[in-house]
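Report on the following structure.
Quick caveat: nothing in here was measured; it's all calculated off a predicted structure. In what follows, chains are A, B, ... by sequence order, proteins preceding strands, each numbered from 1.
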Amino acid sequence: MKRLDKDFYRQDALILAKALLGKVLVHETAEGTVKGIIVETEAYMGAMDAGSHAYQNRKTPRTKTMYEAGGISYVYLIYGMYCCMNVVAFEEGEAQAVLLRALEPIEGIDLMKKRRNLEKAKNLCNGPGKLCMAMDITKSENAVDLVTSSLYIEDAISIQKKNIIADRRVNIDYAGEARDYPWRFFIKDNPYISVKKQT
DNA sequence: CGGCTGATCGTG
DNA sequence: ACGATCAGCCGA
């Protein structure tokens with residue numbers, strides 16, 4: 001399968017978040033290659049989004065990568081011990097990104113189990129921190145180019161609109177009315193998503 | 001099953 | 001201080 005190209009990433013994060021569902025995240029490492037189908041995402045819309053690290057155009061060393069042109073990763077440390085991976089969207093200067101929240105593991109599952117110290121396939125990648133552990137995505141994968149590096153996304157199926165559920169994003173209670181925006185997307189009836197229902 | 005909590009540290 | 005989280009523990 002072919003890698004997604006630059007043009008695919010340079011669209012609005014709300015479009016990209018839905019378009020990424022069904023595509024395959026790949027990380028080639030010395031230990032082996034792991035792959036998972038993207039089944040759950042969240043869009044973060046930059047300056048106008050109170051849930052985003054880039055709210056009100058906040059520019060810091062950490063958020064710098066989000067302002068780059070679409071097609072690179074934005075990986076950051078959360079709660080002092082976990083990593084989350086985003087795909088930077090749209091054009092340079094906009095700080096839009098798509099958080100990858102859950103994968104359906106399809107290759108390198110034994111390696112994922114080893115990294116997660118866990119047997120159950122359903123729980124290997126059903127959360128943003130979990131999928132980073134299983135895929136060995138750390139801060140050294142921050143700002144890497146998804147078109148040229150060993151961390152990338154393969155083209156695959158597109159999910160039909162009727163099979164995409166939109167819901168509130170997870171754990172952004174501080175974000176005022178943005179807390180309720182339906183900017184979390186997941187594949188209907190897929191058993192590998194992180195949270196079944198909000199509200 | 002659902003709710004609560006401690007872990008742990010870079011960021012601002 | 002606190003968080004775009006997780007695992008383990010508790011009680012039902």
* Asked: Hey, where on DNA chain C does chain A first and last touch, going 5' to 3'? Cut-off is any atom under 4.0 Å from a heavy atom.
  ->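 Using the under 4.0 Å cut-off, the span is dG3(C) to dA7(C).
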Worksheet item: Within the structure shown, what part of the strands sits under 4.0 Å from R179(A) by heavy-atom distance: base, sugar-phosphate, or nothing?
Response: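 It contacts nothing in the nucleic acid.
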Item to complete: Looking at every strand, decide which applies to G51(A) at a 4.0 Å heavy-atom threshold: base, sugar-phosphate, or nothing.
Response: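 Contact class for G51(A): base.
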Output side-chain donor-acceptor pairs under 3.5 Å for residues 14-37 of chain A, partner residues at least two apart or in another chain, one line each.
unit_1, atom_1, unit_2, atom_2, d
K23(A), NZ, A19(A), O, 3.3
K23(A), NZ, I157(A), O, 3.0
K23(A), NZ, S158(A), OG, 3.3
H27(A), ND1, M135(A), O, 2.8
H27(A), ND1, D136(A), O, 3.4
E28(A), OE2, Y152(A), OH, 2.7
T29(A), OG1, E31(A), N, 3.4
T29(A), OG1, G32(A), N, 3.4
T29(A), OG1, G32(A), O, 2.8
T29(A), OG1, R115(A), NH2, 3.0
E31(A), OE1, R115(A), NE, 3.1
E31(A), OE1, R115(A), NH2, 2.9
K35(A), NZ, E154(A), OE2, 3.1

- Determine, stepwise, if the pair L124(A) / L118(A) fulfils side chain to side chain contact (heavy atoms under 4.5 Å, CB included). CA-CA 7 Å; L124(A) 290 174; L118(A) 194 129; 4.0 Å; yes
Given Watson-Crick and G-U pairs under 3.5 Å, DNA chain B in dot-bracket ([ ] crossing, | other strand) is |||||||.|||.
Handout entry: Side chain to side chain, H53(A) and Y74(A), heavy atoms closer than 4.5 Å
Key =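 Heavy-atom side-chain distance check passes, below 4.5 Å.
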Is it the case that T63(A) and R58(A) place a side-chain donor and acceptor less than 3.5 Å from each other?
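Their side chains do not contain a donor-acceptor pair, so the 3.5 Å distance test is not met.
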Quick one: do D145(A) and K6(A) make a salt bridge, cutoff under 4.0 Å?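 Looking at K6(A) together with D145(A), the answer is yes, because their closest N to O distance falls below 4.0 Å.
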Q.
If the threshold is 4.0 Å, N to carboxylate O, is there a salt bridge linking R184(A) and D167(A)?
A.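 So R184(A) pairs with D167(A) through a salt bridge.
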Checklist entry - Who pairs with A95(A) by side-chain contact (heavy atoms from CB on, under 4.5 Å), at least two apart in sequence or on another chain? => result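 Checked A95(A) against side-chain contact (heavy atoms from CB on, under 4.5 Å); matches are A54(A), M66(A), Y67(A).
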| Residues forming a side-chain contact (heavy atoms from CB on, under 4.5 Å) with Q160(A), sequence neighbours excluded |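 Q160(A) satisfies side-chain contact (heavy atoms from CB on, under 4.5 Å) with K162(A), N163(A) once adjacent residues are dropped.
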Looking at Y44(A), is R169(A) sitting on its ring face, NZ or CZ under 6.0 Å from the six-membered ring centre and within 45 degrees of the normal?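 Yes, R169(A) and Y44(A) form such a contact.
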Between protein and nucleic acid, restricted to nucleotides 8-12 of chain B and to nitrogen or oxygen atoms under 3.5 Å apart, what atom pairs and distances do you find?
unit_1, atom_1, unit_2, atom_2, d
dT8(B), O2, Y79(A), O, 2.6
dC9(B), O4', G80(A), O, 3.4
dT11(B), OP1, K139(A), NZ, 3.4
dG12(B), OP1, T60(A), OG1, 2.4
dG12(B), OP2, T60(A), OG1, 3.3

Working to the nearest 0.5 angstrom, can you tell me the gap between Y82(A) OH and C132(A) SG?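 Result: 12.0 Å between the selected atoms.
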